[in-house]
Amino acid sequence: MQKIWGEKPYRSLDWQLKNQFGEKVYKLALNGGMSCPNRDGKVGRGGCIFCSEGGSGDFAADGHLSVTEQIAFQKESLRKKKPAKKYIAYFQAYTNTYAPVEYLRKIFTEAIADPEVVILSVATRPDCLPEEVLDLLAELNEQKPVWIELGLQTMHEETAQMIHRGYDLPALNRR
Ligand code: SF4
């Protein structure tokens with residue numbers, strides 16, 4: 001098969017980002033200091049069976065630091081290995097919309113204020129996206145691209161129950 005998108009026979013995300021931003025874009029894994037309704041008892045305890053103690057964000061920066069400090073720390077670590085200059089602020093650990101909207105506005109705005117952050121990426125769950133949070137993300141998307149990562153894991157209800165995902169498929173439609 002002919003390779004027309006860089007070294008791959010398909011349009012990879014890496015290729016797309018290089019094409020859009022002129023160079024490779026690196027993820028900075030951040031911790032917004034939130035929990036998860038599937039861990040704190042709101043919808044479940046113990047979380048998904050694959051979730052780690054760090055809320056599936058074991059490589060994220062220390063949640064006790066401010067977002068600005070986390071970004072600085074992660075950039076420094078990355079630059080020891082890579083010639084990185086553009087970044088995705090990736091809120092990875094736990095459920096990153098499980099907090100009052102004013103708090104979310106504060107931390108997400110702080111992240112995209114960094115001129116080297118070109119994308120905001122938010123990992124969350126479909127049952128944690130109320131209207132006011134979606135409005136906030138839409139507003140921030142006017143400033144810099146916003147990605148929402150929903151950890152679907154499976155479309156099969158039986159498997160979802162087995163892994164203790166803590167929401168059913170219609171939760172996606174209720175959004
Ligand atoms: S939804 Fe995410 S943070 Fe919550 S228990 Fe599952 S993997 Fe962990």
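These numbers come from the heavy atoms of this one structure, side chains and all, not from hydrogens, waters or symmetry mates. As the structure lists them, so they are numbered: ligands from 1, and atoms in each ligand from 1.
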Could you go through the side chain to side chain contact (heavy atoms under 4.5 Å, CB included) check for L104 and Y98 one step at a time?
-> CA-CA 9 Å; L104 300 178; Y98 191 43; over 6 Å; no

Atom 2 (Fe) of ligand 1 protein-contacted, heavy-atom criterion under 4.0 angstrom | no

So which pairs with a foot in residues 82-97 pass salt bridge (charged side-chain N to carboxylate O under 4.0 Å, His left out), sequence neighbours left out?
-> E23-K86

Atom 6 (Fe) of ligand 1: protein N, O or S atoms that are less than 2.8 Å away, sorted by chain = C48 SG

Which of the ligand 1 atoms, numbered from 1, are nearer than 4.0 Å to a heavy atom of Y94 | 3 (S)

Distance-only donor-acceptor hits, side chain of residues 45-66, under 3.5 Å, sequence neighbours excluded:
from, atom 1, to, atom 2, distance (Å)
R45, NH1, D40, O, 3.1
R45, NH2, D40, O, 3.4
S52, OG, G54, N, 3.3
S52, OG, S56, N, 3.2
S52, OG, D58, OD1, 3.1
S52, OG, D58, OD2, 2.7
D62, OD1, H64, N, 2.8
D62, OD1, H64, ND1, 3.0
S66, OG, E69, N, 3.0
S66, OG, E69, OE1, 3.4

Closest non-hydrogen contact found for P37 with T95 is CD-OG1, 4.0 Å

Only counting residues at least two apart or in another chain, list the ones meeting side-chain hydrogen bond (donor to acceptor under 3.5 Å, both in side chains) with E116.
-> K75, R79

Side chain D127, main chain Y167, donor-acceptor under 3.5 Å | no

Ignoring hydrogens and angles, state whether a donor on the side chain of Y26 or Q74 is under 3.5 Å from an acceptor on the partner side chain.
-> no

